[in-house]
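Naming convention: chains lettered A, B, ... in sequence-line order (proteins, then strands); numbering from 1 in each chain.
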Amino acid sequence: MKIATWNVNSIKSRLEHVKSWLAAQKPDVLLLQELKGLDFPAADFASLGYKSAAVPQKAYNGVALLSRHGIKVELESLPGDPADEQARYIEATINGLRIIGIYAPNGNPVDSGKFPYKLAWLDRLKTRLEALRREEIPLAIGGDFNIIPEPRDCYDPAAWAGDALFRPESRAKLRAMLNLGYTDAFRVFNREPEQYTFWDYQAGAWPRNNGIRIDHFLLSPGAADRLKSCVIDREPRGRDKASDHTPIVAELSA
DNA sequence: ATGGCTTTATGCTAAAGA
């Protein structure tokens with residue numbers, strides 16, 4: 001089972017990129033983030049053999065899930081705050097595997113309300129992952145976590161020191177989730193530095209490889225036991241009119 | 001670098017992203 005995640009930075013602007021990538025890579029499941037609009041092109045994906053479930057929002061955020069297999073949607077929002085209306089979470093069961101797609105808050109600037117919102121959102125996510133662990137539900141969660149786990153995941157740690165993506169508080173939230181027993185799928189196979197999933201549009205970040213690793217797959221023990229590979233596919237980032245993020249692809253046996 | 005691009009919006013400048 002091949003599952004992928006990709007922050008597309010507007011599904012409207014990136015539709016042809018996503019369609020050609022699906023046709024070439026043929027994942028079983030693709031998680032999408034930053035749809036950035038209410039219109040979701042479900043018919044385009046259906047014509048390629050993909051069912052879909054979308055949680056869109058006007059102008060900002062928005063997540064979706066595409067699958068070649070049947071989708072049973074479990075949740076369309078992250079539990080824990082009924083007042084939170086931002087579209088950042090989708091949870092479904094596909095082929096007997098629980099799959100969650102997330103677009104975690106950015107959190108900048110850190111002296112605004114956005115940073116405490118980010119930390120509270122990550123606490124709610126940890127609570128959800130804790131409950132699923134307790135039930136021993138095999139789970140893969142993927143998406144844009146907006147967290148740089150370690151210095152080796154960042155081209156210039158000093159420059160990012162005070163940023164919400166690299167602040168100790170944010171990194172501690174990710175570690176707390178890993179400490180529940182989840183595995184960072186990418187680091188099972190690749191311990192090298194300069195393994196990035198995002199490059200800014202500005203200042204020639206892509207040609208200079210000034211990137212950060214902020215898109216992740218975490219696997220429960222049951223799912224991690226099935227992990228065969230996990231790679232970052234840099235190809236889409238090099239295209240004309242690319243998203244600033246590129247996909248990660250994980251393969252699970254059976 | 002003082003955010004240098006990119007995207008959305010009952011738009012034509014502002015807000016958000018990372």
Side-chain angles (χ1 to χ4, degrees), chain A residues 5-19 21 31-41 54-64 84-89 101-122 125 142-174 186 193-216 232 234 236-248:
Chain A
T5 179
W6 190 3
N7 178 325
V8 292
N9 186 20
S10 167
I11 191 60
K12 184 181 175 187
S13 292
R14 229 63 62 199
L15 182 58
E16 293 311 314
H17 285 200
V18 175
K19 287 170 70 175
W21 191 81
L31 307 173
L32 297 169
Q33 301 90 38
E34 281 212 88
L35 305 176
K36 295 185 108 171
L38 286 172
D39 291 331
F40 185 75
V55 181
Q57 179 184 332
K58 190 169 79 172
Y60 302 116
N61 309 319
V63 292
D84 183 1
E85 295 184 339
Q86 299 191 30
R88 299 181 176 277
Y89 186 91
I102 65 158
Y103 173 49
N106 175 304
N108 283 305
V110 293
D111 59 358
S112 73
K114 293 182 179 184
F115 192 50
Y117 171 70
K118 174 181 194 160
L119 298 178
W121 196 94
L122 293 170
L125 182 60
D144 180 356
F145 283 69
N146 266 318
I147 300 172
I148 301 165
E150 300 179 50
R152 64 176 167 171
D153 298 310
C154 178
Y155 72 94
D156 185 356
W160 285 83
D163 194 280
L165 280 65
F166 197 50
R167 281 281 294 257
E169 299 93 325
S170 306
R171 295 166 58 191
K173 301 296 184 191
L174 180 62
F186 180 75
E194 302 185 340
Q195 305 299 302
Y196 305 136
T197 65
F198 168 92
W199 298 259
D200 202 290
Y201 286 124
Q202 303 179 70
W206 167 246
R208 295 170 189 219
N209 197 29
N210 288 344
I212 52 179
R213 190 174 74 94
I214 55 174
D215 300 87
H216 310 294
I232 296 165
R234 296 164 61 102
R237 185 61 181 84
R239 296 187 191 180
D240 192 39
K241 304 289 279 181
S243 168
D244 38 11
H245 297 249
T246 213
I248 322 175

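- Taking atom CD of residue Glu34(A) and atom P of nucleotide dA16(B), one finds them 13 Å apart after rounding to whole Å.
- Distance CZ (Arg88(A)) to C1' (dG17(B)): 10 Å, rounded to an integer number of Å.
- A distance of about 28 Å separates the C1' atoms of dA1(B) and dC12(B), rounded to the whole Å.
- With sequence neighbours excluded, the residues forming a side-chain contact (heavy atoms from CB on, under 4.5 Å) with Lys19(A) are Leu15(A), Glu16(A), Asp44(A), Phe45(A), Leu48(A), listed by chain and number.
- Rounding to whole angstrom units, NE2 of residue His245(A) and P of dG17(B) are separated by 11 Å.
- Comparing dT6(B) with dT10(B), their P atoms are spaced 23 Å from each other, to the whole Å.
- Regarding His216(A), its NE2 atom lies at a distance of 13 Å from the C1' atom of dA18(B), rounded to whole Å.
- What separates CZ of Phe198(A) from C1' of dA16(B) is a distance of 12 Å, to the nearest Å.
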Find every protein N or O atom lying less than 3.5 Å from an N or O atom of nucleotides 4-11 of chain B, and list the pairs.
from    : atom 1 : to        : atom 2 : distance (Å)
dT7(B)  : OP1    : Arg14(A)  : NH1    : 3.1
dT7(B)  : OP1    : Arg14(A)  : NH2    : 3.3
dT7(B)  : OP2    : Lys241(A) : NZ     : 3.4
dT7(B)  : O3'    : Ser10(A)  : OG     : 3.3
dT8(B)  : OP1    : Ser10(A)  : OG     : 2.6
dA9(B)  : OP1    : Ala59(A)  : N      : 3.1
dT10(B) : OP2    : Lys58(A)  : NZ     : 3.1

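- Remark: the Thr197(A) side chain and the Asp215(A) side chain contain an N/O donor-acceptor pair separated by less than 3.5 Å.
- Atom OH of Tyr196(A) is separated from atom P of dA18(B) by 17 Å (rounded to the nearest Å).
- No side-chain heavy atom of Phe145(A) sits under 4.5 Å from any side-chain heavy atom of Arg213(A).
- Only the C1' atoms considered, dG11(B) is 12 Å distant from dA15(B), to the nearest whole Å.
- Rounded to a whole Å, the CG atom of Leu165(A) is 13 Å from the C1' atom of dA16(B).
- Residues passing the ring-ring contact (aromatic ring centres under 6.0 Å, His included) test with Tyr89(A): none are found, sequence neighbours excluded.
- Below the 3.5 angstrom threshold, one finds a donor paired with an acceptor across the side chain of Asn106(A) and the base of dA18(B).
- Thr5(A) and Gln33(A) are linked by a side-chain donor-acceptor pair at a separation below 3.5 angstrom, with hydrogens and angles left out of the test.
- One can place CG of Asp156(A) at 11 Å from P of dA1(B), the figure rounded to the nearest angstrom.
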